[in-house]
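So you know, we letter chains A, B, ... as the sequences are listed, proteins then strands, and number each from 1. Everything quoted here is computed from the prediction, not taken from an experiment.
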Amino acid sequence: MYALVDGNNFYVSCERVFRPSLNGRPVVVLSNNDGCAIARSNEAKALGITMGEPWFKIRHLEEQAGLVALSANFTLYGDMSDRMMSLAAGLGPTQEIYSIDESFISLHGVRGDLMERAWKIRARIHQWIGIPCGIGLAPTKTLAKLANHIAKTAERKAGSYPSELATVCNLASLSAAELAVILQATEVGTVWGIGRQIAQQLQAMGVHTVHDFVALPGDVVRGKWGVVLERTWRELRGEPCIELADNPPPKQQIACTRSFGQPVSDLPPLQEAISEFTTRAAEKLRRQKHRSGQVMVFARTSPFRDGPRFSKSVVVPLARPSADTTALTAAALKGLSSIYQPGYQLAKAGVMLLDLVPDSQVQCELLWDEEPTEQRDRTRLMEALDQVNGRFGKRTLLLGSSGMNQGADTWGMKQVRRTPRYTTDWTEVPVARA
DNA sequence: TCTGGGGTCCTAGGACCC
DNA sequence: TCTGGGGTCCTAGGACCC
């Protein structure tokens with residue numbers, strides 16, 4: 001048995017913990033650059049706002065419907081997530097943190113009433129962290145996701161769904177007939193692993209509901225879509241095929257990419273941005289205790305705007321794998337100058353670190369072009385840099401090429417509605433007044 | 001005027017090996 | 001006319017997830 005614990009409208013719920021006045025109101029959280037809606041309260045969903053809808057298309061609802069829009073505050077959400085995950089872990093022996101707001105928990109060997117246990121954990125998360133959750137219980141991960149989806153739907157559409165399915169839903173406790181009714185009422189596109197393309201193809205074949213889908217012959221599913229969808233199909237029929245990833249492998253690539261606050265044409269601000277992105281990516285790389293053998297850089301114009309198009313990328317191999325911010329930045333900037341062309345309104349750029357190898361598996365060399373002691377010194381320099389920035393804040397020590405003001409007047413991100421970092425910065429802790 | 005930022009896995013096809 | 005049977009590695013592209 002598996003459980004899926006999922007925070008409702010997670011980013012919005014995080015914001016509401018510190019601003020209870022937002023309860024009951026339509027609220028959206030915007031992506032970086034205040035571009036589009038990436039989280040919506042139930043009231044915002046009821047206004048017809050869709051996931052990923054551009055802000056400029058819905059901003060009229062601010063006046064018309066009292067919509068509140070907030071800039072993304074990922075520092076806050078990350079910290080709230082850690083707290084929620086540690087409580088959710090109490091449900092069973094092993095946990096897979098699947099995304100910032102979701103975790104799978106294996107219930108293998110757990111005794112007693114599972115529903116009772118899930119209700120208690122849910123109540124504790126609500127009381128201690130302030131985040132409302134849905135919990136789905138089922139024999140496979142795909143069914144647990146589905147159970148979770150049903151729990152949320154039942155909560156939102158109280159009345160049209162049996163109320164005992166709301167907030168905590170255990171598919172294993174239903175009779176075959178009850179399950180069939182629910183699967184007939186659930187669209188095939190809501191299944192984990194069935195996206196827009198496949199859902200469309202299924203609809204065209206007359207397969208509209210989950211019930212229709214599990215009734216398809218297995219070899220048709222495999223023949224037409226391959227082993228991935230066949231796994232999903234098996235899981236929906238109760239056969240576990242996807243294991244719990246409670247010990248996730250290290251990342252194979254690490255990226256830092258951003259859209260700019262305004263279009264950039266000149267090289268110097270672009271160099272600043274690429275230098276900053278490489279610094280961020282290198283920090284992640286060192287946290288994972290890996291080095292990178294290749295650096296990829298790209299820049300492009302907006303796909304949504306008219307005018308001359310530009311989109312280029314280049315991979316710069318390193319002489320040896322490195323986790324040194326200066327070496328990686330030098331490679332990234334070299335790559336940038338090789339693809340840069342003036343005269344374009346660039347909207348986005350980014351850096352990806354590829355060909356990652358663990359620190360412990362770095363190949364020794366026969367001939368060094370620099371002294372081994374120099375290498376050791378650079379490693380220690382990076383350690384010092386990470387420690388100082390960890391203690392005193394991200395940009396306390398930085399490369400000169402990153403610039404001093406994060407591109408405030410050129411490439412920097414637009415974020416005019418960000419809330420305080422309530423839980424991670426002493427100067428932003430909320431104050432209660434008597 | 002204004003459209004995010006991360007990731008993963010699988011398959012097909014080509015180059016190459018003996 | 002007629003042309004084997006294994007493999008590996010790499011890349012590009014397409015699907016998916018949140």
(request) Assign the ring pair A:W411 / A:F260 to parallel, tilted or perpendicular, where the plane angle (0 to 90°) is split at 30° and 60°. (result) perpendicular

(request) Check DNA chain C against residues 197-206 of chain A and give the residues with a non-hydrogen atom under 4.0 Å, in numerical order. (result) A:Q197, A:I198

(request) For residues A:Y98 and A:F104, establish whether the separation of their ring centroids is below 6.0 Å. (result) yes

(message) With no hydrogens and no angle check, just 3.5 Å: does a side-chain donor-acceptor pair link A:H208 and A:Q203?
(response) yes

(message) Counting only side-chain heavy atoms from C-beta out, which of B:dT3, B:dG4, C:dC17 sits nearest to A:N32?
(response) B:dG4

(request) Scan side-chain atoms only and decide if A:R286 and A:T325 contain a donor-acceptor pair under the 3.5 Å cut-off. (result) yes

(request) To the nearest Å, give me how far apart CG (A:L4) and P (C:dC17) are. (result) 14 Å

(request) Would you tell me whether A:T326 and A:D324 have side-chain atoms, one donor and one acceptor, within less than 3.5 Å of each other? (result) yes

(message) Could you tell me how far apart A:Y11 (OH) and C:dC18 (C1') are, to the nearest whole angstrom?
(response) 7 Å

(message) Please tell me if A:S259 has a side-chain N or O lying less than 4.0 Å from either OP1 or OP2 of B:dG5.
(response) yes

(message) Do A:E187 and A:T190 pair up side chain to side chain, a donor and an acceptor below 3.5 Å, judged on atom types alone?
(response) no

(request) Identify the nucleotide, in any strand shown, that forms a Watson-Crick or G-U wobble pair with C:dT11, with both distances under 3.5 Å; if there is none, say none. (result) B:dA12

(message) Within the 4.0 Å heavy-atom criterion, would you say A:D101 contacts the bases, only the backbone, or no part of the nucleic acid?
(response) sugar-phosphate

(request) Give one of base, sugar-phosphate or nothing for A:I100, where a contact means two heavy atoms less than 4.0 Å apart. (result) nothing

(message) Rounded to whole Å, how long is the line connecting atom NZ of A:K141 with atom P of C:dC16?
(response) 18 Å

(message) Measure CD/A:Q262 against C1'/B:dC2 and give the value in whole Å, please.
(response) 13 Å

(message) What is the distance, to the nearest angstrom, from the CG atom on A:N148 to the P atom on C:dC18?
(response) 10 Å

(request) Name the closest nucleotide to the A:S99 side chain, picking from B:dT3, C:dC18, B:dC2. (result) C:dC18

(message) How many whole angstroms separate atom CG of A:L146 from atom P of C:dC17?
(response) 13 Å

(message) List the residues meeting side-chain hydrogen bond (donor to acceptor under 3.5 Å, both in side chains) with A:T419, not counting sequence neighbours, and say none if there are none.
(response) A:E15, A:N73

(request) Would you indicate, yes or no, if B:dG4 has its OP1 or OP2 atom less than 4.0 angstrom from a side-chain nitrogen or oxygen of A:K414? (result) no

(request) Would you give a per-nucleotide map of nucleotides 6-11 of chain B, 5' to 3', where B means the base has a protein non-hydrogen atom under 4.0 Å away, S means only the sugar-phosphate does, and - means neither? (result) SSBSSS

(message) Could you tell me if the side chain of A:W225 sits less than 4.5 Å from the side chain of A:L202, heavy atoms only?
(response) yes

(request) Indicate, with a heavy-atom threshold strictly under 4.0 Å, whether A:W192 touches base, sugar-phosphate, or nothing. (result) sugar-phosphate

(message) Expressed as a whole number of angstroms, how long is the span from A:K348:NZ to B:dG4:P?
(response) 7 Å

(message) In this structure, how many angstroms lie between the C1' atom of B:dT1 and the CZ atom of A:R59, rounded?
(response) 10 Å

(request) Could you tell me whether the side chain of A:N33 reaches within less than 4.5 Å of the side chain of A:Q415, counting heavy atoms only? (result) no

(message) Any strand counts, and the cut-off is 3.5 Å on both contacts for Watson-Crick or G-U wobble. Which nucleotide pairs with B:dC18?
(response) C:dG5

(message) Just to be sure I understand the rule, does A:V191 reach a base, reach only the sugar-phosphate, or reach nothing, if contact means heavy atoms closer than 4.0 Å?
(response) sugar-phosphate

(message) Rounded to the nearest 0.5 Å, what separates atom OG1 in A:T278 from atom CG in A:L285?
(response) 11.5 Å

